[in-house]
Amino acid sequence: MQDSTSLNQLPPSTTVPSKNPISMILTMMMNPKAAIESGLSHFPWFVSLLISSLAFGTFFIQTGLDLYKTGQEPLTYVLIQLVLGLAFGAIVIPLIGLLIWPIIRLKKGTLKLTESISLACLSYGATLIYGIVGLCFSLLLGWKTALAFGATGVLWSLGPLMISLRTATKGDTVLAVVLTTLVGAAILFAWQALQYIS
Amino acid sequence: MNLLRHLGFMFLGVLAFYRPNDPLNLYVIGFGCLVGFIYSLLCKGFMHRALRLLNIKLKREIGKSPIEKAVALGGLFILPFAFLAGLSTLWFGWTLTTSFVTTGVTAIGTAAGMEFSKLTGKPKLKNTLITSGMAWVFSTLWTMGIPFLVHAPGFLEGGASLVKSFFGVN
């Protein structure tokens, strides 16, 4: 549904733009709209790339660790998963930002290409937090955490992604819902395909 | 919008009781739809009424309808979660429906708060807190409630078989 309210008329953001990655991750998790409106242009895009890379690195390594603990795979498999995850976050997620950028521009959004990449990457801040916590539980307590923490972290990122896209497309809720569904499905399929290949 | 939200929750309800060895069981599908529909009604009803109660002055100025529309628009945010839950359960064979529902309801709460803030002109902490609080309550309700209800379709099926046997119907 196209919203007639422009970004300039939307309620003002309450968050000060920040270059601090931790502050940016938390803002994207709790108030993505404010992060998009005030913070993305001030935030280095390559740092956001690092955040999504680490997010998927910590997620994928948990998949490897789960299989290593049950003796199904050797330690090298864990390392392969880590490398795959880092690459996935550094290549696939920015690619999503690249693909949604023309759509944002078509909807008269003002985000630059680098900001669109940052939007996609920073949406996975929640995945990074879940990934770090899951990795701690996996290494310290020996739990199987790939689904409970890894996949759940990816799910938690869908909310910020949807709200970010809605903000970037000037309040188009339906487009945000459709794009988030496509992005979410693409990530699930890509993850499954990588598991199959590796 | 309301229909789409109801359908999303009904589908999530079906997935919550899904049996991989008996995927087309009508009792499971029917009960899942019923649970999802009731959950959807309660979720929207409580969120809508709480926002109305907290903003009586605004309700007098603009009426009930815009508030209801804001909550309904936020409810659309469940659709990606319903679709991806279906994909993960039916295609990948994962059992993550509860995670999808809890994250989806949280997204709905945030979205409803955002849509509502457009009516007030600026975000108000009380509205954000009430929609997020409601989302948390409903997430907990699903997480705690589904394990209690998981055997209900089986009981329904058993009861129906018993009644049928009384009447000599196979």
Side-chain angles (χ1 to χ4, degrees), chain A residues 1-7 9-15 29-34 37 126-127 130 146-167 171-189 191-193 195-196, chain B residues 1 4-5 8 66 69-125 127-129 131-132 135 139 143:
Chain A
M1 181 163 295
Q2 178 59 54
D3 202 299
S4 58
T5 317
S6 79
L7 260 186
Q9 292 168 308
L10 288 173
S13 64
T14 51
T15 310
M29 277 176 73
M30 289 182 279
N31 193 356
K33 184 168 166 274
E37 285 176 354
T127 310
Y130 267 84
L147 281 181
F149 285 91
T152 305
V154 175
L155 293 185
W156 271 103
S157 297
L158 291 178
L161 180 67
M162 199 153 30
I163 291 165
S164 305
L165 287 171
R166 185 190 169 282
T167 309
D172 194 332
T173 302
V174 170
L175 183 63
V177 166
V178 171
L179 283 177
T180 306
T181 308
L182 291 174
V183 170
I187 285 172
L188 284 183
F189 275 112
W191 179 50
Q192 190 69 7
Q195 300 304 310
Y196 181 75
Chain B
M1 280 188 289
L4 285 172
R5 193 193 67 250
K69 198 182 161 194
V71 176
L73 202 57
L76 286 182
F77 275 41
I78 197 66
L79 295 177
F81 293 92
F83 179 82
L84 295 173
L87 197 67
S88 69
T89 307
L90 305 174
W91 187 275
F92 297 124
W94 303 336
T95 47
L96 277 172
T97 307
T98 300
S99 299
F100 278 101
V101 174
T102 50
T103 48
V105 170
T106 307
I108 283 183
T110 312
M114 268 178 59
E115 295 293 340
F116 189 78
S117 71
K118 285 195 324 203
L119 300 176
T120 56
K122 60 178 178 179
K124 284 186 180 170
L125 185 64
N127 295 327
T128 311
L129 282 179
T131 49
S132 302
S139 299
T143 311

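In this structure, CG on A:L155 lies 7.5 Å from OG on B:S88, to the nearest 0.5 angstrom. One finds the CG atom of B:L73 at 7.0 Å from the CZ atom of A:R166 (value rounded to the nearest 0.5 Å). Taken to the nearest 0.5 Å, the CZ atom of B:F83 stands 7.5 Å off from the CG atom of A:L182. Distance check: B:L79 CG to A:T173 OG1 gives 11.5 Å after rounding to the nearest 0.5 Å.
A heavy-atom distance below 4.5 Å is not found between the side chains of A:Q192 and B:W91.
Put simply, the residue from A:V178, A:L179, A:V183, A:V177 that forms a side-chain contact (heavy atoms from CB on, under 4.5 Å) with B:P80 is A:V177.
If you measure heavy-atom distances from B:T95 to chain A, you find no contacts under 4.5 Å at all. Contacts between B:F92 and chain A at a heavy-atom distance below 4.5 Å involve the side chain alone, from C-beta outward. Using a 4.5 Å cut-off between heavy atoms, A:A148 does not touch chain B at all. Contacts between B:L87 and chain A at a heavy-atom distance below 4.5 Å involve the side chain alone, from C-beta outward.
For the pair B:L84 and A:G184, the tightest heavy-atom approach, listed with the atom from each and the gap, is CD2-C, 3.5 Å. Closest of all the heavy-atom pairs between A:G159 and B:A107 is CA-CB, 4.2 Å.
For chain B, the option among A:T152, A:T180, A:I163 with the highest count of heavy-atom pairs below 4.5 Å is A:I163.
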